[in-house]
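Structure record follows, encoded as structure tokens.
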Amino acid sequence: MLEVETKYELQDKAALVKCLHDLAAVGGKPEQHADTYYRHPSRDFVATKEAFRIRLIDSVASVTYKGPKMDVGDSALKAREEIEWCLEPGDTDGSQMTRLLLALGFDPVATVRKERQSYTWPKSNSPYADFTLTIDQVDQVGLFAEVELILHDDSPEAVRSAGARIDDLAGRLGLEKTVRSSYLNLLLEKLGLDRH
């Protein structure tokens, strides 16, 4: 699958939530995320624009690989392959996967902690039924909203169309200030650290 998303700096969470309710979005329960990112022992993920992490959501672990970012021009839109799987039932907290990665020479870079609340449009007749919007309060970094679509077509036309749809929804929700950096890079910048 191809994840297409744009991130926005969020100034007024209450106003965004009101707009979401006005557009018939339904919020899920808030989740606590802890995303530990890893350095590959022989490949520079910064240069290749890849990411690999173990994510704990309310103490349930999964592994995510994010492929290189596609070239979508001079835009805050991100499009990339994402492969993710849950480590339950054998490794609920991710400790076995962590031991494996360390044994293979991977090094932890940093852990991004956030509270996330996701909003979706469950009605199939909604023009937004395939969107997910998340509100993220990221420790030491700030408050953000991400608008995301999952595509099964990685053609440039499909990505451009998804970007236009994301822009349209963001405009309806009053989201304006885009953010290009990942949460990991924002955290490392705040801490004065380097991903290499």
Side-chain angles (χ1 to χ4, degrees), residues 1-9 33-57 61-87 91 94 97-98 100-114 116 118 130-134 136 138 140-142 144-170 175 177-196:
M1 70 180 178
L2 191 70
E3 177 187 67
V4 182
E5 68 181 18
T6 302
K7 182 187 297 121
Y8 301 86
E9 190 175 304
H33 288 211
D35 298 341
T36 302
Y37 289 85
Y38 288 86
R39 254 183 227 101
H40 194 284
S42 61
R43 190 152 91 205
D44 183 354
F45 281 165
V46 176
T48 61
K49 298 183 179 174
E50 296 170 283
F52 187 74
R53 72 177 181 221
I54 295 176
R55 166 173 279 177
L56 282 172
I57 301 177
S62 62
V63 172
T64 308
Y65 164 76
K66 294 190 175 201
K69 295 175 188 170
M70 294 176 62
D71 183 7
V72 292
D74 186 25
S75 164
L77 182 73
K78 291 180 185 172
R80 64 198 317 186
E81 179 184 27
E82 182 174 304
I83 302 169
E84 186 169 52
W85 66 95
C86 186
L87 294 174
D91 189 15
M97 180 58 77
T98 299
L100 174 62
L101 292 176
L102 295 175
L104 292 173
F106 284 77
D107 288 318
V109 177
T111 299
V112 176
R113 299 180 190 284
K114 63 182 177 283
R116 167 169 282 183
S118 296
D130 52 347
F131 281 88
T132 300
L133 181 137
T134 60
D136 293 328
V138 184
Q140 303 182 65
V141 177
F144 302 89
E146 288 186 347
V147 182
E148 176 184 287
L149 282 167
I150 301 297
L151 301 182
H152 300 284
D153 176 357
D154 64 355
S155 69
E157 298 78 22
V159 172
R160 277 194 296 274
S161 174
R165 292 183 65 211
I166 288 171
D167 289 346
D168 178 65
L169 177 57
L175 298 170
K177 188 172 181 183
T178 59
V179 177
R180 293 173 185 254
S181 292
S182 68
Y183 293 143
L184 174 61
N185 287 337
L186 291 169
L187 176 63
L188 294 176
E189 183 179 308
K190 183 92 168 183
L191 298 176
L193 300 173
D194 187 12
R195 271 186 76 176
H196 293 285

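- In terms of heavy atoms, Ala158 sits closest to Leu151 at O-CD1, 3.7 Å.
- Between Arg43 and Thr48 there is a side-chain heavy-atom pair separated by less than 4.5 Å.
- Scanning for side-chain hydrogen bond (donor to acceptor under 3.5 Å, both in side chains) contacts around Ser118 gives an empty result, with sequence neighbours left out.
- Residues forming a ring pair (Phe, Tyr, Trp, His ring centres under 6.0 Å) with Tyr8 (at least two apart in sequence, or on another chain): none.
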Go through Tyr65 and Glu50 one step at a time and tell me if the side chain to side chain donor-acceptor pair (under 3.5 Å) criterion holds.
-> CA-CA 8 Å; Tyr65 164 76; Glu50 296 170 283; 2.5 Å; yes
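- With salt bridges taken as basic N to acidic carboxylate O contacts below 4.0 Å, none links Asp136 and Lys114.
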Take Asp107 and Tyr38 through the side chain to side chain donor-acceptor pair (under 3.5 Å) test and state the conclusion after the steps.
-> CA-CA 5 Å; Asp107 288 318; Tyr38 288 86; over 6 Å; no
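- Using a 4.5 Å heavy-atom threshold, the side chains of Thr64 and Glu82 count as touching.
- For the pair Glu3 and Lys78, the salt-bridge criterion is not met [side-chain N within less than 4.0 Å of a carboxylate O].
- Remark: Thr134 OG1 to His33 NE2 distance equals 8.5 Å, nearest 0.5 Å.
- Remark: Lys66 fails to qualify as a cation-pi partner of Phe45 under the 6.0 Å distance and 45° angle criteria applied to the six-membered ring.
- Between His40 and Phe52, the ring centre distance reaches or exceeds 6.0 Å.
- In this structure the side chain of Leu186 reaches within 4.5 angstrom of the side chain of Val179, judged on heavy atoms.
- The environment of Arg113 atom CZ is sparse: at most 12 non-hydrogen atoms of other residues, nucleotides or ligands sit within 6.0 angstrom.
- From Lys7, atom NZ reaches atom NZ of Lys177 across 13.5 Å, with rounding to the nearest 0.5 Å.
- To the nearest 0.5 Å, atom CG of residue Asp35 and atom OG of residue Ser62 are 8.0 Å apart.
- Note that the OG atom of Ser182 and the CG atom of Leu188 stand 7.5 Å from one another [nearest 0.5 Å].
- Note that CD of Glu5 is 8.5 Å distant from CD1 of Ile150, once rounded to the nearest 0.5 Å.
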